[in-house]
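What follows is a short report on a single structure.
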Amino acid sequence: MNPVYLALDLPRIEAARALAEKVKGHVGGLKLGLEFFCQHGHHGVHEIAQVGLPIFLDLKFHDIPNTVAGAMQAIHVLEPAIVTVHAGGGRAMMEDAKAAAGEHTKVVAVTMLTSLDERDLARTGVSGSAHDQVLRLAELAQDAGLDGIVCSGHEVGEVHKRWKHGFFVVPGLRPAGSAVGDQKRVVTPRKARDDGASVLVIGRPISKAGDPLAAARAIEETL
């Protein structure tokens, strides 16, 4: 299975579907984020699902347990392959999210956004390193019965050692030589895969490339 999920964070549904159709032979799935879902809702997800690839709904649910469970039930009909919640919502919230998810949906917890670094953590009152924070939240997600976590490529190797059968989603990936943009903790797709990543989320290096098909093919070849 191709572990690359293309982040289709484009505002226009026609452009998003056209891009997905263009590269679908060289990616393994499609990630739809909060911006896309707020803009296009269930209809948009159904439209992108017509491409024929698994859908990853990156909605990062974070609320009281009952509300998150209700939200999870509301997306059953979309049959997502993967859905995200925030590990910071706590064990009870994660347990209820998993219990409410569809039978074939993997629920993974976002540990620490790849746009944050340790200075950002300190400003929110969290002491210690980003690495330690991710490991703490990974352990909490595992205890809550989730399928896995979302973390940067810097932490996935250590998490994989501690959670052998976990499902690990790694965003913020940049092929060698590409622009980092607003990400602060990045590695290459191959490095993340070698360290135990199950899914590699890649957006701008493909979607903003002059030739998205060639970019997707080039990334696939490194794996």
Side-chain angles (χ1 to χ4, degrees), residues 1-61 71-72 74-85 97-98 101-110 114 146-151 153 156 166-175 178 188-190 192-193 196-223:
M1 183 197 96
N2 187 328
V4 174
Y5 270 59
L6 172 63
L8 280 179
D9 296 323
L10 301 173
R12 290 181 54 247
I13 195 167
E14 299 83 3
R17 178 160 182 181
L19 175 61
E21 292 283 4
K22 184 177 293 185
V23 305
K24 68 180 181 181
H26 299 281
V27 299
L30 303 169
K31 182 188 85 83
L32 301 175
L34 197 56
E35 179 182 358
F36 182 95
F37 195 76
C38 288
Q39 183 81 15
H40 303 293
H42 283 218
H43 164 73
V45 178
H46 283 301
E47 183 73 19
I48 298 300
Q50 298 303 309
V51 174
L53 291 174
I55 298 294
F56 168 12
L57 286 182
D58 187 20
L59 301 180
K60 299 184 178 73
F61 292 145
M72 195 67 80
I75 60 173
H76 271 200
V77 66
L78 302 176
E79 300 182 330
I82 310 167
V83 176
T84 49
V85 301
K98 180 58 182 172
E103 182 182 356
H104 303 295
T105 296
K106 291 188 182 298
V107 181
V108 296
V110 175
T114 53
L146 262 57
D147 296 284
I149 63 163
V150 183
C151 65
V156 69
F167 186 85
F168 306 118
V169 176
V170 178
L173 298 169
R174 293 293 183 267
S178 64
T188 66
R190 178 55 189 262
R193 185 63 166 160
S198 310
V199 163
L200 309 171
V201 178
I202 300 176
R204 283 167 282 186
I206 295 175
S207 63
K208 301 297 185 184
D211 185 343
L213 177 58
R217 186 183 290 121
I219 291 169
E220 183 184 30
E221 288 173 354
T222 69
L223 303 174

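Each residue takes its place number in the sequence, starting with 1. We use all heavy atoms of the structure for the numbers below, so side chains are in, but hydrogens, waters and symmetry mates are not.
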Polar side-chain atom of [X] near backbone of [Y] as donor-acceptor pair, under 3.5 Å:
X	Y	answer
Thr105	Pro80	yes
Asn2	His26	yes
Thr188	Pro175	no
Ser198	Phe167	no

Once you round to the nearest 0.5 Å, how far does [atom1] of [X] lie from [atom2] of [Y]?
X	Y	atom1	atom2	value
Ser207	Leu19	OG	CG	6.5 Å
Tyr5	Leu200	OH	CG	11.0 Å
Arg204	Leu6	CZ	CG	12.5 Å

Would you say [X] and [Y] make side-chain contact, with heavy atoms under 4.5 Å?
X	Y	result
Leu146	Val108	no
Val156	Cys151	yes
Val110	Ile149	no
Phe56	Thr84	yes
Pro3	Leu223	yes
Leu57	Leu78	yes
Val169	Lys106	no

**Prompt:** Is the shortest side-chain N to carboxylate O distance from Asp147 to Lys98 below 4.0 Å?
**Reply:** yes

Considering all heavy atoms of both residues, which atom of [X] and which atom of [Y] are nearest to each other, and what is their separation?
X	Y	answer
Ala74	Val77	O-CG1, 4.2 Å
Gly153	Val170	N-CG1, 3.4 Å
Gly102	His76	N-NE2, 3.4 Å
Leu8	Ala16	CD2-O, 3.5 Å
Pro54	Gly28	CD-O, 3.2 Å
Leu173	Ala192	CD2-CB, 3.7 Å

Using distance only, find each side-chain donor-acceptor pair of residues 208-217 under 3.5 Å and give its atom names and separation, not counting sequence neighbours.
from, atom 1, to, atom 2, distance (Å)
Asp211, OD1, Leu213, N, 3.3
Asp211, OD1, Ala214, N, 3.1

**Prompt:** Do other residues, nucleotides or ligands put more than 12 heavy atoms under 6.0 Å from the CD atom of Glu79?
**Reply:** no

**Partners passing side chain to side chain donor-acceptor pair (under 3.5 Å) against Arg193 (at least two apart in sequence or in another chain)** = none

**Prompt:** Considering residues at least two apart in sequence or located in another chain, which fulfil the side chain to side chain donor-acceptor pair (under 3.5 Å) criterion with Lys24?
**Reply:** Glu21

N/O donor to acceptor pairs below 3.5 angstrom from side-chain atoms of residues 30-48, sequence neighbours left out:
from, atom 1, to, atom 2, distance (Å)
Lys31, NZ, Asp58, OD2, 3.1
His40, NE2, Pro11, O, 2.7
Glu47, OE2, Arg17, NH1, 2.9

**Residues which pass side-chain contact (heavy atoms from CB on, under 4.5 Å) with Ala15, listed by chain and number, not counting sequence neighbours** = Leu10, Arg12

